[in-house]
Amino acid sequence: MPCSAVTLSLATITSIIAVALLAIAFATDNWLYIEVKRSNIQSLFNNQRDSALVDSLNSKYYYYTRTKGLFRICYPKERPPTVKTYLSPVETHCNNINYFIPDDNNETKDFSEDAWNKLHMARSVIALFILTFITIFATFCTGVTGCWRRSPCNITATAVLMLLACLLSAGAMGLWHGVEYYEKEKVVGEEFYQQWNNVLRENTRINYDWSYMLAWVGVIWSLVAAILFSGAAICLRGEREREEAINMQYLMPVYPQKQQYAYAGYAVPPPQSYAGPCPYYTAGSGYGSYNY
């Protein structure tokens, strides 16, 4: 089997896997799993006899166990009664993350510089993932054309576009980690780690969830697909050069035909000179030899 056929098949399979993983990660809500031990917090708050803390425990969403994605916060266990939720496609009660697009009520007027940086990075994560999927669609078009025409140029373009998609998705993941850093280390809102009370911090565990892991695996597979498409382009170029070299061996040289001479309206071959012991005939010798 030709090298290009094997490499193209592997590249196609890996690119499909990469797209599927990135799409699933983008659409699902399990990037972070935030487990809150409500029973421990409730007993501590009751011992402190602080009604404000007890009210926060029952009203603020960040006192509830939840999963967080790019678009939604979902509550797999209890859900806060003061937050309006809806059923997600996987039958989990969720509420949307607010990116303030548009900000009709001017809710961002009191944002700090860190809060604005966090918001811009969060918006950029979504934008980069959308650009990734647009690039992958262009990759699909060039890849189909390259496979149909067996064109090294098209396959090379496919490899470049797949590498660009890999870089865009990796950039989105990097910005997502920047958002996570700001939410944990900077003062960007009461619902984030820096403004939690000590009781909530001690009884909360934050872990990366399976959507996050799928996203990174998708980035890696897209890089593998780009490398395989590049290898397929090299194989196609080598096979084409070998085919051209073989075809050149079967090309017969073409020499110009000798011009025929016309005599009395008839085509006669041109006169030829003979070398060697052949007799020389004069104009009259065509009638034979007669002795008088």
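Here, residue 1 is the first one in the sequence, and each next residue gets the next number. Since this is a predicted model, take the numbers as computed values, not measurements.
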Would you check if Phe192 and Lys186 make a side-chain contact, meaning some heavy-atom pair closer than 4.5 Å? no

Check the pair Leu10, Val6 against side-chain contact (heavy atoms from CB on, under 4.5 Å), reporting the backbone distance first and the verdict last. CA-CA 6 Å; Leu10 292 175; Val6 175; 4.2 Å; yes

Check for a donor-acceptor pair, side chain of Thr145 on one end and backbone N or O of Cys141 on the other, with a separation under 3.5 Å. yes

Mark yes or no for whether Gln195, through its side chain, and Gly189, through its backbone, hold a donor-acceptor pair below 3.5 Å. yes

Tightest non-hydrogen contact, residues Cys74 and Asp29, listed as SG-OD2, 3.6 Å

Counting heavy atoms not belonging to Trp221, are there more than 12 under 6.0 Å from its CH2? no

Within a reach of under 6.0 Å around CZ of Arg123, are more than 12 heavy atoms found that belong to other residues, nucleotides or ligands? yes

Find the distance between CD1 (Ile13) and CG (Leu8) and round it off to the nearest 0.5 Å. 11.0 Å

Taking the side chain as every heavy atom from C-beta outward, state whether Leu200 and Val36 have any pair of such atoms under 4.5 Å apart. yes

Aromatic ring pairing Tyr212/Trp216, orientation class (parallel under 30°, perpendicular over 60°, tilted between): perpendicular

Please determine if Arg38 forms a cation-pi arrangement with Tyr64, meaning its NZ or CZ atom is less than 6.0 Å from the six-membered ring centre and no more than 45° off the ring axis. yes

Hphob cluster co-occupancy, Val90 + Phe26, side-chain heavy atoms under 4.5 angstrom: no

Between His93 and Thr85, the two heavy atoms sitting closest are ND1-OG1, 3.7 Å

Around atom CD of Glu113, are there more than 12 heavy atoms from other residues, nucleotides or ligands closer than 6.0 Å? no

Once you round to the nearest 0.5 Å, how far does CG of Leu87 lie from OG1 of Thr92? 8.0 Å

Is it the case that the side chain of Thr82 and the backbone of Ser59 share a donor-acceptor pair, with hydrogens and angles ignored and the cut-off at 3.5 Å? yes

Looking only at heavy atoms, what is the nearest atom pair of Ala157 and Thr142, with distance? C-OG1, 4.5 Å

Determine whether Ile73 and Ile97 satisfy the following criterion, side-chain contact (heavy atoms from CB on, under 4.5 Å), listing intermediate values before the conclusion. CA-CA 7 Å; Ile73 298 172; Ile97 296 174; 3.9 Å; yes

For Ala225 and Met162, the nearest pair of non-hydrogen atoms, with its separation, is CB-CG, 4.0 Å

Side chain proximity check, Tyr63 to Phe45, heavy atoms < 4.5 angstrom: yes

Let me confirm one number: the CD1-OG1 distance from Ile220 to Thr14, rounded to the nearest 0.5 Å. 13.0 Å

Do Leu223 and Val219 have side chains that approach each other closer than 4.5 Å (heavy atoms only, starting at C-beta)? no

Are Trp196 and Asn203 close enough, and set up right, to give a side-chain contact (heavy atoms from CB on, under 4.5 Å), and what steps lead you there? CA-CA 11 Å; Trp196 290 353; Asn203 289 276; over 6 Å; no

Side chain to side chain, Leu175 and Val179, heavy atoms closer than 4.5 Å: no

Roughly how far, to the nearest 0.5 Å, is the CG atom of Leu44 from the CG atom of Asn198? 11.5 Å

Checking the side chain of Thr7 only, and the main-chain atoms of Ala232 only, is there a donor and an acceptor separated by less than 3.5 Å? no

Could you tell me if the side chain of Leu163 sits less than 4.5 Å from the side chain of Phe229, heavy atoms only? no

Flag side-chain contact, heavy atom, 4.5 Å: Lys118 against Phe111: no

Might you point out which heavy atoms bring Ala172 and Val125 nearest each other, and give the distance in Å? O-CG2, 3.6 Å

Count I, L, V, M, F, W, Y as connected when their side-chain heavy atoms are under 4.5 Å apart, and connections chain through other members. Are Leu128 and Phe71 then in the same cluster? yes

Are Val160 and Leu164 co-members of a hydrophobic cluster defined by side-chain heavy atoms under 4.5 Å apart? no

Take the angle between the ring planes of Trp31 and Phe129 and call it parallel below 30°, perpendicular above 60°, tilted in between. perpendicular

Side chain Arg79, main chain Arg66, donor-acceptor under 3.5 Å: no

When you measure from the side chain of Asp103 to the backbone of Thr108, do you find a donor-acceptor pair of N or O atoms at a distance under 3.5 Å? yes

Is there a path of hydrophobic side-chain contacts, each under 4.5 Å between heavy atoms of I/L/V/M/F/W/Y residues, joining Leu32 to Tyr181? yes

With rounding to the nearest 0.5 Å, note down the distance linking CZ in Phe140 to OG1 in Thr135. 15.5 Å

Please check if atom OH in Tyr208 has more than 12 non-hydrogen atoms from other residues, nucleotides or ligands closer than 6.0 Å. yes

Does Ala115 offer a backbone N or O that forms a donor-acceptor pair with the side chain of Ser112 under 3.5 Å? yes

Looking only at heavy atoms, which two atoms of Ala18 and Ser222 are closest? And how far apart? CB-N, 3.5 Å

Same cluster or not: Ile126 versus Ile101, using hydrophobic residues (I, L, V, M, F, W, Y) connected whenever any side-chain heavy atoms lie under 4.5 Å apart? yes

Find the distance between CD (Glu202) and NZ (Lys37) and round it off to the nearest 0.5 Å. 11.0 Å

Check: Asn197 side chain, Val199 main-chain N or O, donor-acceptor pair, under 3.5 Å: yes

Do Leu70 and Trp176 come within less than 4.5 Å of each other through their side chains, counting heavy atoms only? yes

